Amino acid sequence: MSSVSLGLCKDTQAPQVQLLCRTFPSSIINMNAIVDTSIFLGKFLYYLFESLVCKIIPKNKKNVAGEIVLITGAGSGLGRLLAIHFANLGAILVLWDINQEGNMETCRLIKEKSDVKVFPYKCDCSKRQEVYRVADQVRKEVGDVTILINNAGIVTGKPFLDIPDHMVEKSFLVNAFAHFWTCKAFLPAMIKANHGHLVCISSVAGLAGIKGLSDYSASKFAAFGFAESLFLELSLQKKTDIKTTIVCPYLMNTGMFDGCSTKYSFLLPILEPEYVAQKVVNAILQEQVYIILPKFAYIALILKQIISPKMMLALGEYLGADTFMASFKGREKENELQTETERKHQ
């Protein structure tokens, strides 16, 4: 409203004018709400139709030949398999791992099968300054990273009160904080070019708390939340050519969860790493934002949001959540540290 009309509303004693002054702003608000709601519904229905079409007719897979792909935890397990897949697609590989021996083995396996450029670096992702130092080295020696895959992770697998304090801190440093440091190191160049892809390997345990995995689950929740927030931030900044993929697999048969069992494998199987690697690569190539494995986990997670806590506990017991960590062994490592990044080639 103009200053004149505001003055009129203030000075006049006429009830009709005062009523008009009170009603006019609320009418504008109501009109704005109607317009905003209409736009929202239009976009919602359009995107719903778009998603349904994509389910029937999958998007063309993007070409990653020549892209610089950095994978943390590349010295073993899922990280190694992802590196091999991207090498077969013609990408330039940058391999990070705390275990130099495992990292060099991944490099050797790639060069045996592919004629691509591979650059292995030793990096402890739990140390912020080391991440920044090695990132500078990568930029100078290889170039700007265009696909960043935060895969490195650790698990202790102990009841909460049995977890040493330093292991709680280590879980967050590797499983969550490292994502912050790597993104801070490589995202600015992606933003400048409006081109890139951020990949977060979280977990089903990053969507639902799991008995015996309090530090792991909490850190994976943090990784998921960070990746999702960054996706929204970049989208609202119109950096739509910087893609995000957030991966939440169930337990994988990489050795990291040795000894764990699943009650009903037809519902929640221990996943084979090659299967997960192929699914992750396909999701990246199709620029899929969320991927949860196996598909039954989608149903369980939806039920979690709508059923009562007691019903949720009953569902957990039915699925074996109370027993699957009972025989957990993990890997025998110094300081009881079970790491995805320190496993030697098996």
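Bear in mind that the values here come from a model prediction, so they are computed numbers and not experimental data. Residues: numbered from 1 along the sequence shown. When reading the values below, keep in mind they use all heavy atoms of this one structure, side chains included, and skip hydrogens, waters and symmetry mates.
When the side chains of ILVMFWY residues are joined at heavy-atom separations under 4.5 Å, either directly or via intervening members, L207 and M311 end up in a single hydrophobic cluster. Hydrophobic clustering, with ILVMFWY side chains joined whenever heavy atoms are under 4.5 angstrom apart, groups Y275 together with L267. There is a path of hydrophobic side-chain contacts, each under 4.5 Å, that joins F266 to Y298. At a threshold of 4.5 Å between side-chain heavy atoms, the hydrophobic network of Ile, Leu, Val, Met, Phe, Trp and Tyr places F257 and F160 in two separate groups. Note on I306: it clusters hydrophobically with I299, by side-chain heavy-atom contacts below 4.5 Å among ILVMFWY residues.
Ring planes of W181 and Y132: perpendicular class, angle over 60° (limits at 30 and 60°). The aromatic rings of F180 and F177 sit perpendicular to each other, their planes meeting at more than 60°, with 30° as the lower class boundary.
In this structure, D124 CG and D97 CG are separated by 10.0 Å, a value rounded to the nearest 0.5 Å. Rounded to the nearest 0.5 angstrom, T244 OG1 and K239 NZ are separated by 14.0 Å. How far CH2 of W96 is from CD of E130: 9.0 Å, rounded to the nearest 0.5 Å. Within the model, atoms CG of L95 and CD of E105 stand 12.0 Å from one another, a figure rounded to the nearest 0.5 Å. Here I84 contributes atom CD1 and E112 contributes atom CD; the two are 9.5 Å apart, rounded to the nearest 0.5 Å. Going from atom CG of N103 over to atom CZ of R108 covers 13.0 Å, rounded to the nearest 0.5 Å.
The closest side-chain donor-acceptor pair between S126 and K170 falls under 3.5 angstrom.
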Q: For side chain to side chain contact (heavy atoms under 4.5 Å, CB included), just list the numbers for V131 and C123, CA-CA rounded to whole Å, side-chain angles, deciding distance to a tenth of an Å, and then say yes or no.
A: CA-CA 7 Å; V131 168; C123 183; 4.2 Å; yes
Q. Would N151 and V199 count as a side chain to side chain contact (heavy atoms under 4.5 Å, CB included) if you check the C-alpha gap in whole Å, the side-chain angles of each, and the deciding distance to 0.1 Å?
A. CA-CA 8 Å; N151 165 72; V199 182; over 6 Å; no
Q. Where do V142 and Y121 land on the side chain to side chain contact (heavy atoms under 4.5 Å, CB included) test, with the steps shown first?
A. CA-CA 11 Å; V142 186; Y121 293 87; 3.5 Å; yes
Q. Would N99 and S76 count as a side chain to side chain contact (heavy atoms under 4.5 Å, CB included) if you check the C-alpha gap in whole Å, the side-chain angles of each, and the deciding distance to 0.1 Å?
A. CA-CA 9 Å; N99 177 14; S76 62; over 6 Å; no
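Between the side chain of K220 and the main chain of I201, a donor-acceptor pair closer than 3.5 Å is present. Although no hydrogens or angles enter the test, the distance criterion places a donor-acceptor pair under 3.5 Å between the side chain of T262 and the main chain of L268. Proximity of a side-chain donor or acceptor of K243 to a complementary backbone N or O of T240 within less than 3.5 Å is detected. The closest donor-acceptor contact from the side chain of E67 to the backbone of T146 lies at 3.5 Å or more, if one exists at all.
What you find for H197 and M190 is that their closest heavy atoms are N-SD, 4.0 Å. Between V116 and G90, the shortest heavy-atom contact is CG1-CA, 4.2 Å. The minimum heavy-atom distance between N150 and A178, with the atom names listed, is OD1-O, 4.2 Å. For the residue pair V204 and L293, the shortest heavy atom distance occurs at CG2-O, 3.7 Å. Shown here for L78 and T254, the closest heavy-atom pair between the two residues is N-CG2, 4.4 Å. Closest approach of F172 and A218 over heavy atoms only: CZ-CB, 3.6 Å.
Sorted by first and then second residue, the pairs that involve residues 204-219 and meet side-chain hydrogen bond (donor to acceptor under 3.5 Å, both in side chains), not counting sequence neighbours, are T156-D215, S171-D215, N175-S219.
Here the two rings, on Y250 and F296, have centers that are 6.0 Å apart or farther.
Contacts of D136 classified as side-chain contact (heavy atoms from CB on, under 4.5 Å), with partners at least two apart in sequence or in another chain: R139. Looking at residues two or more places apart in sequence or on another chain, you find a side-chain contact (heavy atoms from CB on, under 4.5 Å) between L81 and P273, E274, A277.
Heavy atoms from other residues, nucleotides or ligands lying under 6.0 Å from CG of D165 number 12 at most. More than 12 heavy-atom neighbours from other residues, nucleotides or ligands sit within 6.0 angstrom of NZ on K304.
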